[in-house]
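What follows is a single structure, written as structure tokens, with notes after it.
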Amino acid sequence: MISPIPVPTTGQIHVPARAARLVVEDLTALYGNRVALAGVSIAFPEQSVTALIGPSGCGKSTFLRCLNRIHEAAGTATVRGRVLLDGQDIYAPEVNPIVIRRRVGMVFQRANPFPTMSILDDVTTGLRYAGRARTRMERVEQAERVLRMAALWDEVKDKLNQPGIALSGGQQQRLCIARALAVNPDILLMDEPTSALDPIATAQIEELITSLADAYTMVCVSHNMQQAARISDFTAFMLAGSDYVGHLVEVGETDKIFTRPQDQRTEDYITGRFG
Amino acid sequence: MRLRHLASGAGVVGSGLCAGIAAGILMLILAYVVREGAPAVNWSFLTGVPHPVGVPGGGVANGIVGSAIIVGLATVIALPIGTLTGIYLALYGRGPFADAIRFLADVLSGIPSIAIGLFAYTIFVAPFRHFSGASASVAFAILMLPLIIRTGEEAIGGVPKRVREGALALGISSYAATMHVVVPAARAGLMTGLLLAVARVTGETAPLLFTAFGSQFWELNPTNPMASLALQVFTYAISPYEDWHQQAWAGALLLILAVFILNVLARFALRSRTSR
């Protein structure tokens, strides 16, 4: 396991000791003129889960949305700084965000199956538009592969032609995970993937996240500290100052963050003194 | 305490009474049109063309077909423009430009249809010195636009943002995400808007007076003057002949039926959305 040891530099910059698949350098995200988060530097090691924790409004989701350039889909939103995916800046002018989003998958807070699509069509949407699954046979094969990875195959194999929105909330979320996996991303981003689910569905998703960590670089926003402790190898704590601008306070191995945080604010948050 | 109950009771009774009067007037109109028009509705009325003055019988088939062609052509013009504008407003509609479009659409929906007919006349009839069904379609399309735009914006805006973002996050182009994921999800609302817009213009007469002009014959070519059911009702109603008066009522009955059916379909389309 690669250990991200904060390197002392100016300001709130934290860089792991070794280069990772996804490296963020001095990232600032804006909505129009309003700065939502500033000066975030962090690296996400390969084959691990990094949890992003922090109180509401600290910019966790905004930060996550900068990592696959979905942030800019919201009209006036812009980004400064660099996000390096295998060494290449995804915000470089020649980079096509569509290509980035195929390499950096995302699962949302609330399951979002496509309302008019069957389970089969839904799970293969990314493949079909990338021209990677032309025949129905290919699509079924690919669907089975990723639905098995998402531990959903046995539950839906007899109703691939039924609409995804007819599934339960937990099944819908696993469908969305399968859909994200189908395009073979390198990175998987998850934005509070269990916050709308019951405890049993939550446990299933958490188990899935842990099993996927062997193959993917994962970043998971979580509102729930117990969950972050359960599923992640590394934990990053974010906090918004009195100016409502989010910053990265501290990042490190999850064990260390939860037992011996270096920053007083992290300790206060983890021990429940605020947030 | 007593007074408050009294006032509340009076309010309920009063508003109920007004609702009853409104519904009653509507029923009265319907009943009257049915009474006057129904006897004249028969097979030859539905399938024949108008007979010359003095020859009994004759029908409005050319008007029904003319109305269908004019409204159909108007739909072909207004649907893509209106839907795309609705998509633009719902997905990218921030700032003064979008607000201006919304405002103009609202203003447009309030402009008297005869003014729009006059506009179509100036642009598409006068320069060619020739009345045409197509010029009527242009006028109708303009009348349909605000309805399609605003219901389209509402329908597209009603699709949760996370659905569109979910598609974008898979590495799908913005165009495909919009057209193949968001628009299908909004189809019930879009269909409702379209049906209401069609219903809106089906009974319109004023813009036709100096665009389609009307015709006593079969006319399937929209570059020529064309018959229309609403126009025939108008022509027959102001004529001095008793049997034409009755045909006017019968035509009015058909128009009301068509609009009624369109509204029921619109309701139906909307319900299929909410049941999901």
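Proteins come first, then strands; the chains are lettered A, B, ... in the order of their sequence lines, and each starts at number 1. Side chains included, hydrogens not; waters and symmetry mates left out as well; all remaining heavy atoms used.
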Query raised in the report: What heavy-atom pair brings A:Arg102 and B:Leu170 nearest, and what distance separates the two atoms?
Result: CG-O, 3.7 Å

**Report entry** B:Phe119 atom CZ, neighbour heavy-atom count above 12 within 6.0 Å
**Finding:** no

Query raised in the report: How about B:Tyr121: does its OH atom have over 12 heavy atoms from other parts shown lying under 6.0 Å from it?
Result: no

Report task. For B:Arg164 and A:Asn112, run side chain to side chain contact (heavy atoms under 4.5 Å, CB included): C-alpha distance rounded to whole Å, both residues' side-chain angles, the deciding distance at 0.1 Å, then the answer. Result -> CA-CA 9 Å; B:Arg164 181 177 152 78; A:Asn112 50 0; over 6 Å; no

Query raised in the report: CG/B:Leu168 to CZ/A:Arg69 distance, rounded to the nearest 0.5 angstrom?
Result: 12.5 Å

Query - B:Phe97, CZ: over 12 other non-hydrogen atoms inside 6.0 angstrom - result: no

Report task. Of all the heavy-atom pairs spanning B:Gly166 and A:Phe108, show the shortest one and how long it is. Result -> CA-CE1, 3.6 Å

**Report entry** Which atoms of A:Ala130 approach chain B - backbone, side chain, both or neither, heavy atom under 4.5 Å
**Finding:** neither

**Report entry** Residue A:Val104 versus chain B: region with a heavy atom under 4.5 Å
**Finding:** backbone

Query raised in the report: Would you find more than 12 non-hydrogen atoms of other residues, nucleotides or ligands less than 6.0 Å from B:Arg94 atom CZ?
Result: yes

Report task. Please indicate whether A:Tyr244 has more than 12 foreign heavy atoms, meaning atoms of other residues, nucleotides or ligands, lying under 6.0 Å from its OH. Result -> no

Query - chain B contact via A:Ala166 - which portion, at a heavy-atom distance below 4.5 Å - result: neither

Query raised in the report: When only pairs under 4.5 Å are counted, which of A:Arg110, A:Met117, A:Gln109 shares the most heavy-atom pairs with chain B?
Result: A:Arg110

Query raised in the report: Quick one: what part of B:Arg162 sits under 4.5 Å from any heavy atom of chain A, side chain, backbone, both or neither?
Result: both

Report summary line: Answer key: most heavy-atom pairs under 4.5 Å with chain A among B:Ser173, B:Ala169, B:Pro184 is B:Ala169

Report summary line: Between A:Arg65 and B:Glu165, the two heavy atoms sitting closest are NH2-OE2, 2.6 Å

